[in-house]
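What follows is a short report on a single structure.
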Amino acid sequence: MEAFIDIVLFGFLILTAIAIMRLRNLFAVVMLSGVFSLLSAGLFVVMDAVDVAFTEAAVGAGISTVLMLGTMAMTSREEKPPVHNRLFSFAIAVVVGAALIYGTTDMPPFGAADTPVHQHVGPDYIERTPKEIGVPNIVTAVLASYRGFDTLGEVAVIFTAGIAVIVLLHGRTRPARSADARKKGKDA
Amino acid sequence: MHHHLILRVVSKMLIPPILLYALYVQFHGDFGPGGGFQAGVIFAVAFILYGIVFSLDHLRRAVPPHVVRRFVALGLLIYAGVGVANLLLGGNFLDYSTLAHDPKHGQHYGIILVELGVGITVAAVMISIFFAFASRPPTIKDTDW
């Protein structure tokens, strides 16, 4: 049953990717990228990585679709026809894809118990979390406590990204007229 | 989007449950899947939905942009502040065990506080980015959608 779900999800993923490649209408492309993220989130659920699936669904399918739509509102709705040689792009895609697939052959099979990550770090966290943290969700214990410093860095990254967008786009809105002139005093 | 009656009615019904769900994800992250990142995004989505379906001016009245920008920094400050508090209490940076008598309780408090900081920053950044993009002049007319 799980293999069947995997095949269906991967099949839809490939179909979505092909549709994204072939479409020129950016609105449809943005929507299909949201669909792509949702399908990936489904795959993560099948792999029992619910926390990752949740993030993918909320961030990938949810907010980035909205932000892409907002970005699209500032540009055109149709993609320009490609100026590069399409054969060249195809060759690059094939080479990179082949390299990635070659890389996966060295990876342990999915769910294998005798891989290094399941021998040292994983069991250690599973054993220590109930004693030291007492939180049922071990993912949260690792993220917020054992790797708290990493997460602080991640929040700092989001903070910096937010500040960068505000600095880049704020104050360069519409030329100060009527409604904006009134607001400018408040916002500045 | 003034003429989309169904969208307006449905969003009005959806926004409160979305906010409630975000709070659930935020404060239940230590028991179930989720945490500050996801909760922050879901929380921001409720406001962004309000801004899209009603209008940017409505959203500005609900959450003024300059207030949201304060929250961008507040979340990170809460997170780093917990670490500094641990230092002052005699532990290592971000060693929550010092926050309470029982180290386990301390860890629990620390995780909740830190996740709250994450949630606040993520939600505020998402709303700020939406403000930044949406307040620029749209080249696509409302009827084109």
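What's counted below: heavy atoms across the whole structure, side chains too, no hydrogens, waters or symmetry copies. Residue numbering restarts at 1 for every chain, and letters A, B, ... go by the order of the sequence lines.
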- request: Spell out, yes or no, whether A:I163 and A:L169 are grouped together once hydrophobic residues are joined by side-chain heavy atoms under 4.5 Å, including indirect joins.
  value: yes
- request: Indicate the atoms forming the closest heavy-atom contact of B:A132 with A:V165, along with that distance.
  value: CB-CG1, 3.9 Å
task: Starting at CG of A:L67, measure out to CZ of B:F133 and round the result to the nearest 0.5 Å.
output: 6.5 Å
- request: Go through the atoms of B:V25 and report whether side chain, backbone, both or neither lie under 4.5 Å from a heavy atom of chain A.
  value: side chain
- prompt: Under 4.5 Å between side-chain heavy atoms, hopping through other hydrophobics if needed: is there a path connecting A:F159 to B:I78?
  reply: yes
query: Under a 4.5 Å side-chain heavy-atom rule over Ile, Leu, Val, Met, Phe, Trp and Tyr, are B:V118 and B:L77 clustered together?
result: no
Side chain, backbone, both or neither of A:I138 within contact of chain B (heavy atoms, under 4.5 Å): neither
message: Between B:Y79 (side chain only) and A:G148 (backbone N and O only), is there a donor and an acceptor less than 3.5 Å apart?
response: yes
query: Can you pull the salt bridge (charged side-chain N to carboxylate O under 4.0 Å, His left out) pairs that have at least one residue in residues 28-47 of chain B, sequence neighbours excluded?
result: none
field: Close side-chain approach of A:L152 and B:F93, heavy atoms under 4.5 Å
entry: yes
task: Against chain A, label B:A124 side chain, backbone, both or neither, depending on which of its atoms sit under 4.5 Å from a heavy atom there.
output: neither
- prompt: Do the non-hydrogen side-chain atoms of B:E115 and A:T140 ever get within less than 4.5 Å of each other?
  reply: yes
field: Path from B:I15 to B:L20 over hydrophobic side-chain contacts below 4.5 Å
entry: no
message: Could you check whether any side-chain heavy atom of A:V66 comes within less than 4.5 Å of a side-chain heavy atom of B:V45, counting everything from C-beta outward?
response: no
- request: Take the angle between the ring planes of A:F54 and B:Y21 and call it parallel below 30°, perpendicular above 60°, tilted in between.
  value: tilted
task: Please check if B:F31 and B:L116 belong to a single hydrophobic cluster, counting links between Ile, Leu, Val, Met, Phe, Trp and Tyr side chain heavy atoms closer than 4.5 Å.
output: no
query: Is A:N137 reaching over with its side chain to a backbone N or O of B:G32, donor-acceptor style, under 3.5 angstrom?
result: yes
message: Tell me whether A:L100 at atom CG has more than 12 heavy atoms from other residues, nucleotides or ligands lying less than 6.0 Å away.
response: yes
statement: Between the CD1 atom in B:I111 and the CG atom in A:L143, the distance rounded to the nearest 0.5 Å is 9.5 Å
- prompt: Atom OG1 of A:T55 and atom CD of B:Q38: how far apart are they, to the nearest 0.5 Å?
  reply: 3.5 Å
query: If you take all heavy atoms of B:A44 and A:I63, which pair is closest and at what distance?
result: CB-CD1, 4.2 Å
Sub-4.5 Å side-chain heavy-atom contact between A:I158 and B:F37: yes
- line: Comparing B:S128, B:G29, B:G35, B:G36 against chain A, the one with the most heavy-atom pairs below 4.5 Å turns out to be B:G29
- prompt: Of all the residues in residues 85-95 of chain A, which have a heavy atom that comes within less than 4.5 Å of a heavy atom in chain B?
  reply: none
query: Among B:D95, B:V114, B:V72, which has the most heavy-atom pairs under 4.5 Å with chain A?
result: B:V72
statement: For residues 17-26 of chain A against chain B, heavy atoms under 4.5 Å, the residues are none
- request: Enumerate by number any residue of residues 100-109 of chain B whose heavy atoms lie under 4.5 Å from heavy atoms of chain A; in the absence of such residues, state 'none'.
  value: B:K104, B:Q107, B:H108
- prompt: Looking at B:V125 and A:G162, what are the two nearest heavy atoms and their distance?
  reply: CG1-CA, 3.7 Å
task: With a 4.5 angstrom heavy-atom cut-off, could you sort out which part of B:I129 is near chain A: side chain, backbone, both or neither?
output: both
Atom OH of A:Y125 with >12 non-hydrogen neighbours under 6.0 angstrom: yes
- prompt: If you measure from CZ on B:F130 to CG on A:L69, what distance do you get to the nearest 0.5 Å?
  reply: 10.0 Å
- prompt: Just wondering, more than 12 heavy atoms not from B:F27 lying within 6.0 Å of its CZ?
  reply: yes
